[in-house]
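For the single chain, residues carry numbers from 1 onward in sequence order. Every heavy atom of this structure was used, including side-chain atoms; hydrogens, water molecules and symmetry mates were not.
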Amino acid sequence: MSLIGYEVRATDGPVGAVHGAAEEIGSTYVVVDTDPWTAGGRLLLPPGTTVRVDRRAERTPVNRTVDGGRERP
């Protein structure tokens, strides 16, 4: 199941949209485009931050705040 384009919502608001996945040895990170209107930033969310996937709403909540997500690599 592809999550590309799904809205990513932190506990306190929207973060961006799923851009893809980045794989490293032993882990896969969700790559979030945090500013789809410009050449903005990307955020890597580690495994375990996704709470669930809402396929109907095309949204995936994460267990981070907006500012907490921005502090990640």
Enquirer: List in chain and number order the residues that pass side-chain contact (heavy atoms from CB on, under 4.5 Å) with Ser27, two or more places apart in sequence or in another chain; answer none if no residue qualifies.
Expert: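 Result, side-chain contact (heavy atoms from CB on, under 4.5 Å) vs Ser27: Tyr29, Pro47.
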Enquirer: Restricting to non-hydrogen atoms, name the atom on Val51 and the atom on Asn63 that form the minimum distance, rounded to 0.1 Å.
Expert: CG2-N, 3.7 Å
Enquirer: When Thr50 is tested against each of Leu3, Thr60, Leu45, Val8 for side-chain contact (heavy atoms from CB on, under 4.5 Å), which residue passes?
Expert: Thr60
Enquirer: What heavy-atom pair brings Ala22 and Leu44 nearest, and what distance separates the two atoms?
Expert: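 Where Ala22 meets Leu44 most closely, the heavy atoms are CB-CD2, 4.1 Å.
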Enquirer: Test: salt bridge (Lys or Arg N to Asp or Glu O under 4.0 Å). Region: residues 9-32. Which pairs qualify, not counting sequence neighbours?
Expert: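 Counting only pairs at least two positions apart or across chains, the salt bridge (Lys or Arg N to Asp or Glu O under 4.0 Å) contacts touching residues 9-32 are Glu7-Arg9.
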Enquirer: Going by side-chain contact (heavy atoms from CB on, under 4.5 Å), name the residues that satisfy it together with Ala21, two or more places apart in sequence or in a different chain.
Expert: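 Partners of Ala21 by the side-chain contact (heavy atoms from CB on, under 4.5 Å) criterion, ordered by chain and then number, come out as Thr28.
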Enquirer: How far does OG1 of Thr11 sit from CZ of Arg64, to the nearest 0.5 angstrom?
Expert: 10.0 Å
Enquirer: How close do Tyr6 and Asp54 get, counting heavy atoms only, and between which atoms?
Expert: CE2-O, 4.1 Å
Enquirer: Side chains of Val30 and Thr49: closer than 4.5 Å at any heavy-atom pair?
Expert: no
Enquirer: Of all the heavy-atom pairs spanning Ala17 and Gly5, show the shortest one and how long it is.
Expert: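 Residues Ala17 and Gly5, closest heavy atoms: CB-O, 4.1 Å.
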Enquirer: Determine the minimum heavy-atom distance between Thr34 and Arg42, stating which atoms define it.
Expert: OG1-N, 4.1 Å
